[in-house]
Amino acid sequence: MSLSAQVAVQRGSLALDVDVDVADGEVLAVLGPNGAGKSTLLRVLAGLLRADAGRVTVDGEVWDGGNAFLPPHRRRLGMVFQDALLFPHLTVADNVAFGLRTRGERRTAARAAADGWLTRVGLDGLGGRRPAELSGGQAQRAALARALVGEPALLLLDEPLSALDARTRLTVRAELRRHLADFGGSAVLVTHDPVDAMALADSVVVVEEGRVVQAGTPTEVGRRPRTDYVARLVGLSLLPGTGAGRTVRLDGGGEVAVAEEVSGPVFAAVRPESVALYLARPEGSPRNVWPSRLAGAVPHGTTVRCELIGAVPLVADVTATAFAELGLAPGAEVWAAVKASEVAVYAR
Amino acid sequence: MRRPGTARVPVPLAVPAALAVAFLVLPLVGLLVRAPWSSLGEQLTAPGVGQALRLSLLSATAATAVSLVLGVPLAWVLARSRIRGRTVLRALVTVPLVLPPVVGGVALFLVLGRQGIVGSWLDDAFGITIPFTTAAVVIAQTFVAMPFLVVSVEGALRAADARFEDVAATLGADRWTTFRRVTLPMVAPGVAAGAVLCWARALGEFGATITFAGNFPGTTQTMPTAVYLALQSEPEAAVVLSLVLLAVSLATLLLLRDRWLGRATP
């Protein structure tokens, strides 16, 4: 294990208590809503904030814990912030060379290394510019080069893509993926975008209100969310209940028929595209039919995402054509139908 | 963008505003009107004038230098450190801003005078006497003018994004390196504006200077104290000296506007 951290901090109303482990060459995504404590965790790992209790160890060296506290400038780390935060008074190349210069590298050597990294991130020839002359994507690439040029043992990424526009985010995400694959140390990526986590991370921890509520591979977390927050992020309706045979009795009332035998506390998860809507109660094959009311509808790609309230709260994706043919409007009474085989069910 | 109607100023505001402008500008106009323009040349080259001007420029510059060396670190402590009693410290530091300068002069005298707390020790141990020397002029000006610099730099530091200092720390810079290579360059415009304000205040310093340093031509007589003395014996000379100070002040103002304030508030 390269990074091993048990961190407890009290910051105002936030009580953060989180354990993370990241092996060399691995990327951990810390996923969670705003105010969950993600950035606080990152600040503790960087040494910008001291943990009240716990321990941060990197490559066997204690960075924080007990009486030991290594100040940030003595830690072998690189950090990328949401806004690139390039020093406005320095050229792009001097920004990238900054970390080498502070660590005692000679000017020419630092400059050569900086130029090399600028080429690697696709900013060849832009080293002489001022940060204000770069686009958002270019600035974030330069910030990445600045963080990586010192060959850190730990790379911290604090929402590195969220300040970029959608198109730039796509390309920078792809590049970031490539650089993370080449990076030999441990990386921790803080994000509230599940796509970042899926695309970039080897493992995910979901943090809510200062606690880890779920940990696993991105696929696992995406397929089997354990909290409403994650379910919403990955677009699933999460229905907690108790299994009895091929039926799940929901905690919120109502029942869901499922395809396999289950028992004990379980989650039933329903994908929005597997929910069909009818104006009249459908007859025939679907095993699950619930009366619902349309609470809201927003366009979502080529479909319309419908939020349903009723005995069983659901999210349904219907095609725009179907939505128009049904003549749906908020407040409309509908029947929601889901095949038993379309319901994922897993233990709580 | 100008909203329609903003060009018209209501009368209850327009009249006092016009009076205020007249009140502020007329005395300066008077100075220009009554200036002995024909004999200006010889007045300016009179021995006392050049001496006082030179001493004023030198002492104000020295006071600004001292204020920079001591005041910028103080501003940093006020803006960035988390030491206890910072608010009290800030209040103490800004006292000279509101204190009548003559009181400052008396206070300096009580501390650095021959019988003063520090002064008597300086006298005994090193044979150094401060009052009524050029050093006293610089000290008096620094006392009065440094808070201007501190307040200005502290404001600039507070306005500067402290996250850049976090970035520097993650890039291996200790706090001193961060201050030198990141913080100071970023607040440089604020420091420069503060230095100009400080210099202008030091140049015009009168009360503390005349109390603590006296008014001896050649050693402690600055432009303002020279004006005061001249007004009692040869009013024309006082007018000429005042003109010179006015010119220097206007130049300072222009410098501030174009070089720094203009850029800070576009």
Side-chain angles (χ1 to χ4, degrees), chain A residues 39 42-50 63 70-91 94-105 110 114 130-131 139 142-159 163 188, chain B residues 68 72-73 75-77 79-84 86-87 149 152-196 256 258-266:
Chain A
S39 293
L42 226 48
R43 290 181 69 79
V44 170
L45 296 181
L48 297 169
L49 185 69
R50 200 171 173 169
W63 282 9
L70 205 60
H73 66 271
R74 308 248 316 269
R75 300 183 178 198
R76 282 179 46 228
L77 66 88
M79 189 161 178
V80 178
F81 297 77
Q82 178 175 347
D83 312 299
L85 294 181
L86 298 174
F87 302 124
H89 59 285
L90 298 179
T91 64
D94 285 341
N95 262 281
V96 177
F98 188 93
L100 296 174
R101 297 283 292 141
T102 59
R103 292 179 174 109
E105 194 86 58
R130 294 275 159 183
L144 183 66
R146 181 174 66 174
L148 285 173
V149 70
E151 292 174 2
L154 178 64
L155 178 67
L156 304 173
L157 304 152
D158 190 359
E159 303 270 9
V188 179
Chain B
L68 279 170
V72 173
W76 187 90
V77 169
R80 286 285 190 274
S81 76
R82 266 171 268 161
I83 59 165
R84 285 227 224 155
R86 211 171 37 150
T87 39
L149 180 98
S152 171
V153 175
E154 196 204 339
L157 282 170
R158 286 185 177 283
D161 194 337
R163 290 180 304 165
F164 285 109
E165 294 166 13
D166 289 345
V167 176
T170 68
L171 292 169
D174 58 28
R175 297 200 90 176
W176 170 238
T177 309
T178 302
F179 175 77
R180 265 187 319 120
R181 301 221 23 221
V182 175
T183 315
L184 201 55
M186 282 179 45
V187 298
V191 174
V196 172
L256 263 178
D258 293 352
R259 292 293 300 280
W260 297 300
L261 292 188
R263 210 184 293 167
T265 52

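Every chain is numbered from 1 and lettered A, B, ... according to where its sequence line falls, protein lines coming before strand lines. Values reported hereafter were calculated over all heavy atoms of this structure, with side chains retained and with hydrogens, waters and symmetry mates removed.
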message = How close do G172(B) and R103(A) get, counting heavy atoms only, and between which atoms?
response = N-NH2, 3.5 Å
query = Sequence neighbours excluded, which residues qualify as side chain to side chain donor-acceptor pair (under 3.5 Å) partners of S39(A)?
reply = D158(A)
request  = State which residues pass side chain to side chain donor-acceptor pair (under 3.5 Å) with T183(B); sequence neighbours excluded, sorted by chain then number.
outcome  = E165(B)
request  = Please look at L48(A) and chain B and tell me whether the side chain, the backbone, both or neither of the residue comes under 4.5 angstrom of a heavy atom of that chain.
outcome  = side chain
ask   = Do the non-hydrogen side-chain atoms of F98(A) and V167(B) ever get within less than 4.5 Å of each other?
value = no
Distance, nearest 0.5 Å, that separates CZ of R43(A) from OG1 of T170(B) = 10.5 Å
task = Could you pull out the closest heavy-atom pair between A173(B) and H73(A), with the gap in Å?
result = O-CB, 3.3 Å
task = Calculate, to the nearest 0.5 Å, the distance between atoms CZ and CG belonging to F87(A) and L171(B) respectively.
result = 5.5 Å
message = For chain B, which candidate among L85(A), V80(A), V149(A) shows the most heavy-atom pairs at distances under 4.5 Å?
response = L85(A)
task = Report the residues that fulfil side chain to side chain donor-acceptor pair (under 3.5 Å) with T177(B), sequence neighbours left out, ordered by chain and then residue number.
result = D174(B)
Contact listing (chain A partner; residues 154-164 of chain B; heavy atom under 4.5 Å) = D161(B), R163(B), F164(B)
query = So what's closer than 4.5 Å to chain B heavy atoms on L86(A): side chain, backbone, both or neither?
reply = backbone
remark   = Heavy-atom nearest pair, R181(B) first then R101(A), reads NH1-CB, 3.8 Å
